[in-house]
Engineer: 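The structure's right below; bear with me while I get my questions together.
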Number of protein chains: 2
Amino acid sequence: MRLVVARCSAHYTGRLSAHLPLATRLLVVKADGSVLLHSDGGSYKPLNWMSPPCSLVVTAPDDDAAGRGVDQVWVVQHAKSDDRLVVELHEVLHDSSHELGVDPGLVKDGVEAHLQRLLAEQVHLLGPGHVLVRREYPTAIGPVDLLARHPDGGTVAVEVKRRGDIDGVEQLTRYLELLGRDPLLAPVRGVFAAQEIKPQARVLANDRGIGCLVLDYDAMRGADDPDSRLF
Amino acid sequence: MRLVVARCSAHYTGRLSAHLPLATRLLVVKADGSVLLHSDGGSYKPLNWMSPPCSLVVTAPDDDAAGRGVDQVWVVQHAKSDDRLVVELHEVLHDSSHELGVDPGLVKDGVEAHLQRLLAEQVHLLGPGHVLVRREYPTAIGPVDLLARHPDGGTVAVEVKRRGDIDGVEQLTRYLELLGRDPLLAPVRGVFAAQEIKPQARVLANDRGIGCLVLDYDAMRGADDPDSRLF
DNA sequence: CCCTTGATGTCGGAT
DNA sequence: ATCCGACGTCAAGGG
């Protein structure tokens, strides 16, 4: 990994065209040739970048560029598309290289898949007497997150989201329409389950006769395994 | 901006919990206190990070951590949520600070707004005899990208996207339903215009009687102003 | 390999 | 401030 701090300007052309005026920025060149241009603020997204696979070629400036005070020109070309990033470095304030090695990568916990698994284990949260049929119940238009038997007969289709917005209700609606035609399943009720349900989503769900269930992730995780709450 | 290269491990807790095993990484501390942990590969997204507003506190390791070889501990706490990133630095290989100043920011071109403007100017692409009514035609549920008069009478509502997927067709369908009730506009045809139209979106559009128009951005830009193709 | 969905999405504009 | 949609979205999982 190479770290360069320099006054620079940049042009990107590809899916759009973009230009960065002259300013002092951090340039990161990773081992795979990818390049990031960061300013001293904002979030983790670089001002400009090139994703791998790509190649970096450093050249001397032409006469015109040299006249504008350019010290060196970086041309970063994507290997599979015509995306191209051209950086003009005017003044290099820092330049160092470092051997980092391969990263073991991030270990995650707590995403939608986990919520889905927990609700499958705690299907009683849908109401007493519910029995899980299966997770990821397949349909022609994609898998339903959870399918359960309703104690009064019929079936309950559950869409699980971390944050429940209107799209999730639309998605569940499409499933319900399809599943409702199956005489082995009908009648099919719908439940929209999420850690947080947006008001608009709740209104739409109610309007369509879909139930809403707010999931308490910490409580569900605690019920699943008290020890795992420690971290 | 502070750049540190160090062997480190990290824990994040917040919207999820995540762990980074010990490895050599780049740590970037920006002027606003935000922190990025980058490996020497992957994309522009860091392995772990904390977005502003947040505060960084560097402390000495406790006895247990010191026993594991930890040299210093960074606690990065988000100011408005309970998101927290804890980094244990085992060995610092590089540490430098740099004054970058404020960045003037990115100048973009070529997004959906530009496509919309070009199609408004080249409304003949909808077919001969079409006349533009207006861009951003207001409705109760939001503005329609383009509204035009059809040569055979009635109106054409156009949804413009860079990449046309199923959501855009749904959006246009809602507009058509609403606009069709207006006797001054009816009958209202729909056209889904995008640089690229996904097969599923095309099928759905056809099924609903909505026309599909693939936009050639370069050609439209060239027709608009040949010089602007140079960059 | 293409397609679909989720994301600690991020980011910007409008309400 | 919140809500909503676009993004050079990226990245992972399934057919």
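Per chain, numbering begins at 1; letters A, B, ... match sequence-line order.
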Engineer: Report the distance from atom NZ of A/K108 to atom P of C/dG9, rounded to the nearest whole Å.
Structural biologist: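 Rounded to the whole Å, the gap is 9 Å.
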
Engineer: Could you check whether any side-chain heavy atom of B/R25 comes within less than 4.5 Å of a side-chain heavy atom of B/V5, counting everything from C-beta outward?
Structural biologist: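 No; the side chains remain at least 4.5 Å from each other.
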
Engineer: For A/Y175 and C/dT5, what is the distance between atoms OH and P respectively, to the nearest whole Å?
Structural biologist: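 After rounding, the reported distance stands at 6 Å.
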
Engineer: With sequence neighbours left out, write down each residue that passes salt bridge (Lys or Arg N to Asp or Glu O under 4.0 Å) with B/R2, or none if nothing qualifies.
Structural biologist: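 Checked B/R2 against salt bridge (Lys or Arg N to Asp or Glu O under 4.0 Å); matches are B/D95.
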
Engineer: How close or far is atom C1' of D/dG13 from atom CG of A/D145, stated in whole angstroms?
Structural biologist: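 Going from CG in A/D145 over to C1' in D/dG13 covers 14 Å.
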
Engineer: Using the side chain to side chain contact (heavy atoms under 4.5 Å, CB included) criterion, which residues pair with B/V58? Sequence neighbours excluded.
Structural biologist: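 With sequence neighbours excluded, B/V58 shows a side chain to side chain contact (heavy atoms under 4.5 Å, CB included) to B/L56, B/Q72, B/W74, given in chain and number order.
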
Engineer: Taking NZ, NE, NH1 and NH2 as the nitrogens, is one of them in A/E170 or A/R174 under 4.0 Å from a carboxylate oxygen of the other?
Structural biologist: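 Salt bridge absent between A/E170 and A/R174.
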
Engineer: A/R162 side chain N/O closer than 4.0 Å to the phosphate oxygens (OP1, OP2) of C/dT8?
Structural biologist: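 For A/R162, the contact criterion (side-chain N or O under 4.0 Å from OP1 or OP2 of C/dT8) is not met.
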
Engineer: What's A/L85 touching, base or sugar-phosphate or nothing? Going by heavy atoms closer than 4.0 Å.
Structural biologist: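 Answer is nothing: A/L85 stays at 4.0 Å or more from every strand.
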
Engineer: Calculate the interatomic distance between A/L106 atom CG and D/dA12 atom C1'; express it in whole Å.
Structural biologist: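 To the nearest whole Å, that distance equals 13 Å.
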
Engineer: For A/Q116 and D/dG14, what is the distance between atoms CD and C1' respectively, to the nearest whole Å?
Structural biologist: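 After rounding, the gap between these two atoms is 14 Å.
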
Engineer: Which whole-number value in Å describes the distance from B/H19 NE2 to C/dT8 P?
Structural biologist: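 Result: 17 Å.
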
Engineer: Give a yes/no on whether any side-chain N or O of B/S51 is located under 4.0 angstrom from OP1 or OP2 of C/dT10.
Structural biologist: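 So the side chain of B/S51 is within the cut-off, an N or O lying under 4.0 Å from OP1 or OP2 of C/dT10.
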
Engineer: Provide, to the nearest angstrom, the distance between the CG atom belonging to B/L172 and the C1' atom belonging to D/dG5.
Structural biologist: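 Going from CG in B/L172 over to C1' in D/dG5 covers 16 Å.
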
Engineer: Identify whether any heavy atom of A/M50 sits under 4.0 Å from a base atom; if not, whether one sits that close to sugar-phosphate; answer base, sugar-phosphate or nothing.
Structural biologist: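 Base, at least one base heavy atom under 4.0 Å.
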
Engineer: Mind running a 4.0 Å heavy-atom check of residues 40-49 of chain A against DNA chain D and sending the residues that fall below it, in number order?
Structural biologist: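 Per residue number, the list reads A/K45, A/N48, A/W49.
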
Engineer: For A/H114 and C/dT5, give me the distance from atom NE2 to atom P, rounded to whole Å.
Structural biologist: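 Distance check: A/H114 NE2 to C/dT5 P gives 23 Å.
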
Engineer: By nearest heavy atom, map A/K80 and A/E159 onto DNA chain C; which one lands nearer the 5' end?
Structural biologist: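 The residue closer to the strand's 5' end, by nearest nucleotide, is A/K80.
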
Engineer: Could I get the full list of salt bridge (Lys or Arg N to Asp or Glu O under 4.0 Å) partners for B/R202, not counting sequence neighbours?
Structural biologist: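 Testing B/R202 for salt bridge (Lys or Arg N to Asp or Glu O under 4.0 Å), a comparison that skips the adjacent residues, returns none.
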
Engineer: Would you please name every residue forming a side chain to side chain contact (heavy atoms under 4.5 Å, CB included) with A/T173, sequence neighbours left out?
Structural biologist: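 Partners of A/T173 by the side chain to side chain contact (heavy atoms under 4.5 Å, CB included) criterion, ordered by chain and then number, come out as A/V169, A/R208, A/I210.
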
Engineer: Using side chain to side chain contact (heavy atoms under 4.5 Å, CB included) as the criterion, list what pairs up with A/R134, not counting sequence neighbours.
Structural biologist: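 Listed in chain order: A/E136, A/Y137, A/P138.
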
Engineer: If the condition is salt bridge (Lys or Arg N to Asp or Glu O under 4.0 Å), which residues does B/R135 pass it with, not counting sequence neighbours?
Structural biologist: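 With sequence neighbours excluded, B/R135 shows a salt bridge (Lys or Arg N to Asp or Glu O under 4.0 Å) to no residue whatsoever.
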
Engineer: Test of understanding: with side chain to side chain contact (heavy atoms under 4.5 Å, CB included), list the residues that count as partners of A/A31, not counting sequence neighbours.
Structural biologist: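 Result, side chain to side chain contact (heavy atoms under 4.5 Å, CB included) vs A/A31: B/D40.
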
Engineer: Could you go through nucleotides 2-4 of chain D and list every protein N or O atom that sits under 3.5 Å from one of its N or O atoms, giving the distance for each pair?
Structural biologist:
residue: D/dC4; atom: OP1; partner: A/Q200; partner atom: OE1; Å: 2.3
residue: D/dC4; atom: OP1; partner: A/Q200; partner atom: NE2; Å: 2.5

